[in-house]
Amino acid sequence: MIEPRTLKGFRDHLPAQALARERILDVARRVYRSYGFAPIDTPALEYLEILTGKGSEETDKQLYRFTDHGGRQVGMRFDLTVPFARFCAQHIATLGTPFKRYHMATVWRGENTQRGRYREFMQCDFDTIGTTSPVADLEMVLVVHDLLRAIGIERFTICVNDRRVLGGVLEVLGLTGRSTEVLRSLDKLGKATPEAVAEELGGHGLPSEAVGRLLGMAQLAGPAADVLAKIEPLVAGSATGQAGVAALRALMAGATAAGVPGERLAVDPSIARGLDYYTGIVLETFLDELPTLGSICSGGRYDNLAGLYTKQALPGVGASLGIDRLLAGLEELGRLSAVETPADVFLVFFDETRLADYLRIAAALRAAGMAVEFFPEAKRVGQQLKIAAKRGVPAALLVGSDEFVAGTAQFKHLATQQSTTIDWHGDLNVLVDAVHSLIVSH
RNA sequence: GUGGCUAUAGCUCAGUUGGUUAGAGCACUAGAUUGUGAUUCUAGGGGUCGCGGGUUCGAGUCCCGUUAGCCACCCCA
């Protein structure tokens with residue numbers, strides 16, 4: 001016997017989890033479309049050269065790569081942004097700009113696993129490319145906000161920053177060009193103590209005064225307007241830094257105008273994002289009840305998405321929902337439903353001689369838009385009801401020999417065990433309408 | 001990729017300084033109840049103790065390796 005098992009970091013999805021996943025995917029699709037983002041898809045496998053050298057060397061290490069049967073060096077996509085860059089280089093001429101797309105697909109990363117971190121997971125990206133308009137930046141925040149609310153999450157914080165703010169501070173301090181290492185160290189705030197981060201920055205050879213100012217900036221918190229007011233003097237004299245502060249200010253104003261509550265949107269100067277290609281606004285989203293889970297929705301603005309593949313400059317802005325991490329979080333919070341079936345009604349197979357009648361009833365209910373599970377065996381009624389209840393079907397429809405004679409049916413809510421008798425006199429339309437209204441009413 | 005913790009039935013866990021046929025609750029199957037599930041009773045199935053070596057008269061228990069999960073680093077969804 002071969003031991004049934006799955007690879008490290010790769011998972012099966014049982015119905016309860018798969019249903020939750022599909023529900024979130026449906027919501028994301030609906031929200032993205034509501035802003036006019038159009039769906040695209042790209043291959044899971046790309047030429048290796050397309051994928052390497054785009055992100056950091058870290059992403060190159062995490063890439064699943066192999067030689068295909070034709071001797072080609074290929075890799076599996078580790079995000080949806082790089083394939084999108086290639087996609088744009090090939091197709092932007094026919095698509096035109098600005099172009100808005102969403103892409104929900106599986107990606108693979110050969111890194112070590114942890115809670116909410118898998119080797120195979122799904123991302124739900126949306127991007128607007130071909131425009132530098134701050135409206136697109138604002139829309140990104142609005143989409144993230146709408147999305148989480150539509151999923152049913154109320155307590156979350158979208159943390160925004162602008163890469164140019166840190167760039168400006170470094171410029172003022174005479175440390176231009178040191179941004180990568182500084183970003184990485186500052187990003188540890190929240191996990192490591194400020195002292196440890198200060199020590200690490202000092203280890204990079206930064207003067208202690210600079211370390212103090214960087215830490216002071218990164219630890220700013222509170223209402224966005226206050227944070228921005230405190231950042232402003234730190235970037236005095238740097239056009240770049242001032243542009244960043246202005247962009248954040250405009251973003252906050254726009255979000256407020258669009259109805260995003262202030263407590264869900266924060267300016268957090270320590271948000272850096274590891275990916276090198278971000279150049280403007282960056283964003284990370286955390287569940288208030290589970291901040292250690294990490295960001296469940298991240299993104300930002302980039303100057304030139306496809307510079308490696310085309311001469312046409314394609315600025316853009318976009319973000320990605322990490323649905324698998326979010327699901328891990330919702331599960332931990334006990335927010336996932338245990339229902340294992342999409343069925344609305346469980347039709348009990350009562351009387352074997354009435355099979356044709358059951359098939360007719362099931363067909364009529366389905367035609368009216370209801371999901372019907374008709375049990376395939378004329379087993380004991382108690383057992384059928386037990387199975388239905390265990391799977392979480394909301395209601396059962398029982399039509400036995402006596403009911404057929406009387407022209408009735410029993411509609412039973414499985415959670416409450418309450419039965420309602422339906423008089424349908426053999427008229428399927430009456431039965432369907434009755435079942436439909438009983439389902440809706442509960 | 002590096003380090004730490006963990007691994008016993010489908011699930012949650014007992015298992016005493018190594019000592020006979022490894023237990024419990026829940027779940028599952030069948031019956032009591034030939035047409036109504038979460039209660040009750042009865043019976044039953046299910047574990048090569050993650051896997052592979054070693055020490056020992058004897059290993060679920062000790063040692064080494066390995067795989068997987070969790071945690072930290074790194075990075076990130």
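Computed from a predicted structure; not experimentally measured. First the proteins, then the strands, lettered A, B, ... as listed; each starts at 1.
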### Task
Please report, rounded to the nearest Å, how far the P atom of rA77(B) is from the CD1 atom of Ile153(A).
17 Å

### Query
Among rU36(B), rG35(B), rA77(B), which nucleotide sits nearest the side chain of Gln410(A)?
rU36(B)

### Message
Please classify the nucleic acid contact of Gly382(A) as base, sugar-phosphate, or nothing, using heavy-atom distances under 4.0 Å.
### Response
sugar-phosphate

### Query
Given the C1' atoms of rU61(B) and rG54(B), what is the spacing between them in whole Å?
15 Å

### Task
Please report the C-alpha distance between Gln219(A) and Asp268(A) in whole Å, then the side-chain angles of each, then the deciding distance to 0.1 Å, and finally whether the side chain to side chain contact (heavy atoms under 4.5 Å, CB included) criterion is met.
CA-CA 8 Å; Gln219(A) 288 177 279; Asp268(A) 183 343; over 6 Å; no

### rA38(B) and rA32(B), which share atom name P, separated by this distance in whole Å
15 Å

### Task
Answer yes or no: does atom CZ of Phe10(A) have more than 12 heavy-atom neighbours from other residues, nucleotides or ligands under 6.0 Å?
yes

### Glu289(A), CD: over 12 other non-hydrogen atoms inside 6.0 angstrom
yes

### Message
Please tell me if Thr6(A) has a side-chain N or O lying less than 4.0 Å from either OP1 or OP2 of rA68(B).
### Response
no

### Query
What about Lys8(A), does its side chain sit under 3.5 Å from the base of rU67(B) through a donor-acceptor pair?
no

### For rU56(B), the Watson-Crick or wobble partner whose two distances fall under 3.5 Å
none

### Query
Counting only Watson-Crick or G-U wobble pairs whose two distances fall under 3.5 Å, which nucleotide matches rU6(B)?
rA68(B)

### Task
Take the protein atom CZ of Arg115(A) and the nucleotide atom C1' of rC75(B), then report the distance between them rounded to whole Å.
16 Å

### Query
Of the nucleotides rC28(B), rA38(B), rU36(B), which has the atom closest to the Leu398(A) side chain?
rU36(B)

### Task
Tell me what Ile296(A) touches on the nucleic acid: a base, only sugar-phosphate, or nothing, going by heavy atoms under 4.0 Å.
sugar-phosphate

### Message
On the nucleotide rC28(B), are OP1 or OP2 found under 4.0 Å from the side-chain N or O atoms that Lys386(A) carries?
### Response
yes

## Note on the structure
Which of rG31(B), rC70(B), rA77(B) is nearest the side chain of Gln383(A)? It is rG31(B)

### Query
From the list rU36(B), rA30(B), rC70(B), which nucleotide is the closest neighbour of the side chain of Leu385(A)?
rU36(B)

#### Entry: Interatomic distance where CZ belongs to Arg391(A) and P belongs to rA27(B) [whole Å]
17 Å

### Message
Using OP1 and OP2 only, check whether a side-chain N or O of Gln114(A) sits under 4.0 Å from rA72(B).
### Response
yes

### Message
Checking side chain to side chain contact (heavy atoms under 4.5 Å, CB included) between Leu283(A) and each of Val317(A), Val160(A), Leu265(A), Asn161(A), which is the one that passes?
### Response
Val160(A)

### Summary
Ranking Gln417(A) and Gly294(A) by the position along RNA chain B of their nearest nucleotide, the one closer to 5' is Gln417(A)

#### Entry: Pairwise C1' distance for rG15(B) and rC49(B), with rounding to whole Å
11 Å

#### Entry: Minimum-distance nucleotide to Lys379(A) side chain [options: rG35(B), rG69(B), rA30(B)]
rA30(B)

### Task
Remember a base hit wins even if backbone is also touched, and classify Gln384(A) as base, sugar-phosphate or nothing at under 4.0 Å, heavy atoms.
nothing

### Query
Does the side-chain ring of Phe350(A) lie flat on the base of rG35(B), meaning centres under 5.5 Å and planes less than 30 degrees apart?
no

### Task
Could you check whether Asn112(A) gets within reach of a base, just the sugar-phosphate, or nothing at all, counting any heavy atom under 4.0 Å?
base

### Query
Charged N to carboxylate O below 4.0 Å: is that the case for Arg149(A) and Asp146(A)?
no

### Query
ring-ring contact (aromatic ring centres under 6.0 Å, His included) between Phe346(A) and Phe375(A): does it pass, once the steps are laid out?
CA-CA 7 Å; Phe346(A) 184 98; Phe375(A) 201 72; 5.7 Å; yes

### Message
Looking at Arg360(A) and Asp357(A), is any side-chain nitrogen of the basic one under 4.0 Å from a carboxylate oxygen of the acidic one?
### Response
yes

## Note on the structure
Separation of rC76(B) atom P from Leu63(A) atom CG, nearest Å, is 15 Å

### Query
When you compare rG69(B) with rA30(B), how far apart are their P atoms, in angstrom units rounded to a whole number?
35 Å

### Message
Classify Gly110(A) by what it touches in the nucleic acid, base, sugar-phosphate, or nothing, heavy-atom distance under 4.0 Å.
### Response
nothing

### Query
Taking the same atom, C1', in rU67(B) and in rG25(B), what whole-Å distance lies between them?
30 Å

### Task
Classify the nucleic acid contact of Glu403(A) as base, sugar-phosphate or nothing, counting any heavy atom under 4.0 Å across all strands shown.
base

## Note on the structure
Taken to the nearest whole Å, CD/Glu331(A) to C1'/rG69(B) is 14 Å

### Query
Considering only the P atoms, how many Å lie between rG65(B) and rU29(B), rounded to the nearest integer?
44 Å

### Task
Please state how far atom CG in Leu330(A) lies from atom P in rA77(B), giving the value in whole angstrom units.
18 Å

### Task
Answer with yes or no whether Glu284(A) presents, from its side chain, a donor or acceptor under 3.5 Å of a partner atom in the base of rA77(B).
no

### Task
Return no unless some side-chain N or O of Gln62(A) is found under 4.0 Å from OP1 or OP2 of rC74(B).
no

### Message
Counting the atoms with a prime plus P, OP1 and OP2 as sugar-phosphate, which does Ala415(A) contact under 4.0 Å by heavy atoms, base, sugar-phosphate, or nothing?
### Response
base

### Side-chain donor/acceptor of Arg109(A) to base of rA77(B), under 3.5 Å
yes

### Task
Tell me what Arg380(A) touches on the nucleic acid: a base, only sugar-phosphate, or nothing, going by heavy atoms under 4.0 Å.
sugar-phosphate

### Message
Base, sugar-phosphate or nothing for Leu414(A)? Non-hydrogen atoms, less than 4.0 Å.
### Response
base

#### Entry: Which residue lies more 5' along RNA chain B, comparing Phe10(A) with Phe121(A) via nearest heavy atoms
Phe10(A)

### Summary
If pairing means Watson-Crick or G-U wobble with both distances under 3.5 Å, then the partner of rG1(B) is rC73(B)

### Message
If you take the centroid of each ring, where Trp contributes its six-membered ring, are Phe349(A) and Phe374(A) closer together than 6.0 Å?
### Response
yes

### Query
With a 6.0 Å cut-off on ring centres, are Tyr102(A) and Phe126(A) close enough?
no

### Query
Mind checking the P distance from rA24(B) to rG46(B)? Whole angstroms is fine.
14 Å

### Summary
Paired to rG23(B) by Watson-Crick or G-U wobble criteria (both distances under 3.5 Å) is rC13(B)

### Query
For the pair made of NZ in Lys390(A) and P in rG10(B), what is the distance, rounded to whole Å?
14 Å

### Task
Can you tell me, in whole Å, how much space there is between the P of rU8(B) and that of rU2(B)?
25 Å

### Task
Send over the distance from Leu14(A) CG to rC11(B) P, rounded to a whole Å.
11 Å

